[in-house]
Enquirer: 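After the structure tokens below, expect a handful of questions from me.
Each chain gets a letter, A, B and so on, in the order the sequences are listed, and its residues count up from 1. Any value given below was found using the heavy atoms of this structure, including those in side chains, with hydrogens, waters and symmetry copies removed.
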Protein chains: 2
Amino acid sequence: MAIRNNTATTIADRTNRLSPRTSMKIGEVSQESGVGVEALRFYERSGLLGRPARSQSGYRLYDEGVLERLAFIRKAQFLGFSLDEIRHIISDAEKGASPCDDVRAIVRRRLAEVSERVKEMQRHHRELTRTLEEWDEVGRAPGNICGLIEGTEMQNPSPTSGRVTPKKQRKKTA
Amino acid sequence: MAIRNNTATTIADRTNRLSPRTSMKIGEVSQESGVGVEALRFYERSGLLGRPARSQSGYRLYDEGVLERLAFIRKAQFLGFSLDEIRHIISDAEKGASPCDDVRAIVRRRLAEVSERVKEMQRHHRELTRTLEEWDEVGRAPGNICGLIEGTEMQNPSPTSGRVTPKKQRKKTA
DNA sequence: ATAAACTCTGTAGTCACGTGTAGAGTCAAG
DNA sequence: CTTGACTCTACACGTGACTACAGAGTTTAT
């Protein structure tokens, strides 16, 4: 695995890292931003970054702006935006539209989702706690496989309801 | 798409669905259990179900037991077990070992994870709420892409912290 | 008899977000 | 000149729990 080592700049250069870099290679950007080299290329492929300039030998040469862009992406991710949403926001902004209203709407939606998810998780937590308590009373229950599980009542017979990660739910949940 | 229609039994048969079926075809099992046909075959491939008998023409013929097994699987999923864990539990049970202690341990672990996750989500919820409030004060902030996002302070600069779904972490939940 | 619905096997695709690898070229230092 | 780190492209792989499909055969209803 690549030890992201920065041989393109001198040690002195790296030491006073406040000097503005006008053309950074991908490793440098990775180091500055904390985003992996592969992820940077992936972002570019995904349309999140736009094509950087290239050196004669084909190396990507980034200007400082990319760091701001990456900071934007990370903040948006931090706020729960998917890369897809981020791509839309950036593309809107580049078309001149102010995406802030959409952004607000997305955050509001995300907020509702998180609320819902927390409620689900808390329900699940109570369910698990109750189950463990029951099991402690019961000791070891008889059953085909594990009486503990077999004897447990489900609140909701849907097999999706206990998932730790939410399912994709693209078609039916019948 | 296949409309899981049950032509193997008469309507009368389906109406008094309490009569024990000794050999059900896959569609019937799907209908009774609510597990899709593809999922049933997938479970079999994954070692969760074991090979059913076959008709002369190669159709799977299930006995009633499969419904209990599927109920077990769904309950276990409901409790947060992965199919992998369920497979282990079943395999232990079939080897004669009582897996209940392991089951308890898994549930306890899952419980801790859920707790942690709830706390994270609540933090995230507060963060989003605070952000929205700030944004309402600000109106429409200037910025390269969306000043709202750009002006938002991240609690934790890691890009992973805001994910709605937890990032891979396939080794262990540290 | 024929059409519709079912079933079979085997393989590949989905979702998000990247990571890993192969094989080649480039660059700076000793 | 060689070594080693870096970069390039293009593709495969990883996660979990399924879904989708192709192309064949089978069963049931009319």
Enquirer: Just to confirm, is there a sub-4.0 Å distance from OP1 or OP2 of D:dA5 to any side-chain nitrogen or oxygen of A:Q31?
Expert: no
Enquirer: Any heavy-atom pair between the side chains of B:K25 and B:R60 that's under 4.5 Å?
Expert: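 B:R60 vs B:K25: side chains apart.
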Enquirer: In terms of side-chain heavy atoms of A:E38, which of C:dT7, D:dC18, C:dT19 is nearest?
Expert: C:dT19
Enquirer: So what does A:R60 hit on the nucleic acid, given a heavy-atom distance under 4.0 Å: a base, only sugar-phosphate, or nothing?
Expert: sugar-phosphate
Enquirer: Round to a whole Å and report the spacing from CD of A:E28 to P of D:dA5.
Expert: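 Taking CD of A:E28 and P of D:dA5, I get 18 Å after rounding.
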Enquirer: Write down the atom of A:L70, the atom of A:L49, and the distance for their closest heavy-atom approach.
Expert: CD2-CD2, 4.2 Å
Enquirer: Between A:R69 and A:E44, is there a side-chain N and carboxylate O pair less than 4.0 Å apart?
Expert: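 No.
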Enquirer: Could you check which of D:dT9, C:dC6, D:dC18 has an atom nearest any side-chain atom of B:Y59?
Expert: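 For B:Y59, the side-chain atoms sit closest to C:dC6.
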Enquirer: If I take atom CG in residue B:L40 and atom P in nucleotide C:dT9, what distance separates them, rounded to the nearest angstrom?
Expert: 13 Å
Enquirer: Taking atom P of D:dA17 as reference, at what distance in whole Å does atom CZ of B:R87 sit?
Expert: 10 Å
Enquirer: Atom CG of B:L61 to atom P of C:dT7: distance rounded to whole Å?
Expert: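 Value for this atom pair: 11 Å.
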Enquirer: Heavy atoms under 4.0 Å, any strand shown: does B:R45 hit a base, just sugar-phosphate, or nothing?
Expert: base
Enquirer: Is the side chain of A:S46 donor-acceptor paired with the backbone N or O of A:L48 at a distance under 3.5 Å, no angle test?
Expert: no
Enquirer: How many whole angstroms separate atom CG of A:L49 from atom C1' of C:dG18?
Expert: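 Going from A:L49 (CG) to C:dG18 (C1'), I get 14 Å.
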Enquirer: A:R51 CZ to D:dT7 P: how many Å, rounded?
Expert: 19 Å
Enquirer: So B:F42 and B:L83, do their side chains get closer than 4.5 Å, heavy atoms only?
Expert: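 Heavy-atom side-chain distance check passes, below 4.5 Å.
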Enquirer: In terms of side-chain heavy atoms of B:F42, which of C:dT19, C:dT9, D:dT19 is nearest?
Expert: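 It is D:dT19.
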Enquirer: Report yes if a side-chain nitrogen or oxygen of B:Q56 is closer than 4.0 Å to either non-bridging phosphate oxygen (OP1 or OP2) of C:dC8; otherwise report no.
Expert: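 No, no such contact exists.
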Enquirer: Judged by each residue's nearest nucleotide on DNA chain D, which is more toward the 5′ side, B:S57 or A:I26?
Expert: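 Checking each residue's closest nucleotide, the 5'-ward one belongs to A:I26.
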Enquirer: A side-chain contact here means heavy atoms from C-beta on lying under 4.5 Å apart; do A:L61 and A:P52 qualify?
Expert: no
Enquirer: Please measure how far the C1' atom in D:dA12 lies from the corresponding atom in C:dG13, and state the result in whole Å.
Expert: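 These two C1' atoms come out 15 Å apart once rounded.
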Enquirer: Measure the distance from CG on A:D84 to P on C:dG18 and round it to the nearest whole Å.
Expert: 13 Å
Enquirer: Hey, does A:S82 reach any base, or is it just sugar-phosphate, or nothing, if we go heavy atoms under 4.0 Å?
Expert: sugar-phosphate
Enquirer: Nearest to the side chain of A:A39, which nucleotide is it out of C:dC17, C:dT19, D:dT27?
Expert: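 Looking only at heavy atoms from C-beta outward on A:A39, the closest nucleotide is C:dT19.
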Enquirer: Measure CG/B:L83 against P/D:dT19 and give the value in whole Å, please.
Expert: 11 Å
Enquirer: Which nucleotide, C:dC17, C:dT9, D:dT28, lies nearest any side-chain atom of B:R41?
Expert: C:dT9
Enquirer: In whole Å, what separates the P atom of D:dC13 from that of C:dT11?
Expert: 15 Å
